[in-house]
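See structure below.
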Amino acid sequence: MSGNKERGWKELPIGGVILEAGNAAEYETGSWRTMRPIRDAEKCIHCLRCWIFCPDSAIIVEDRKVVGIDLEHCKGCGICAYECPSKINAITMVLETEAGE
């Protein structure tokens, strides 16, 4: 182990405690999702509701327009699709296994 000592359970921080603010970008969490958001750029009206409600900050916005979804951090919760105006329906959720690249 090259001098690294693993910490015991008494030395680990209590769960749910944020020790360093702003460190979520360091952790790619998209690999375990089961559902993937698919955005139809033709339908999107750039209302930014998906961006406002996304708990993972996975909606990519440039110049006040949605330009994509950060799939490395998206967990597939579906909030973006739920919040997209129903008359627009620019974001749909599909099974990850059926999404393709």
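Position 1 is the first residue of the sequence, and the numbers go up from there. Side chains included, hydrogens not; waters and symmetry mates left out as well; all remaining heavy atoms used. All values reported here derive from a predicted model rather than from experimental measurement.
Hydrophobic cluster membership for Ile88: Ile45 (Ile, Leu, Val, Met, Phe, Trp, Tyr linked by side-chain heavy atoms under 4.5 Å, directly or transitively).
In this structure, NE2 on His73 lies 10.5 Å from OG on Ser31, to the nearest 0.5 angstrom. The structure places OG1 of Thr97 at 10.0 Å from CZ of Arg36, a figure rounded to the nearest 0.5 Å. Of the inter-residue distances, the one linking Met35 atom CE with Thr92 atom OG1 reads 9.0 Å to the nearest 0.5 angstrom.
Asn89 and Cys84 get closest at one heavy-atom pair: N-SG, 3.9 Å.
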Identify each donor-acceptor pair in which a side-chain atom of residues 48-64 lies under 3.5 Å from a protein atom, sequence neighbours left out, and give them as a table.
from	atom 1	to	atom 2	distance (Å)
Arg49	NE	Glu83	O	3.2
Arg49	NH2	Glu83	OE1	3.3
Asp56	OD1	Lys75	NZ	2.7

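Both Val66 and Ile79 sit in one connected hydrophobic cluster of ILVMFWY residues. Membership requires side-chain heavy atoms under 4.5 Å apart, directly or through other members.
Applying the side-chain hydrogen bond (donor to acceptor under 3.5 Å, both in side chains) test to pairs two or more places apart or on separate chains, none has a residue in residues 37-46.
Panel note: side chain Arg33, backbone Leu71; a donor-acceptor pair is recorded below 3.5 Å.
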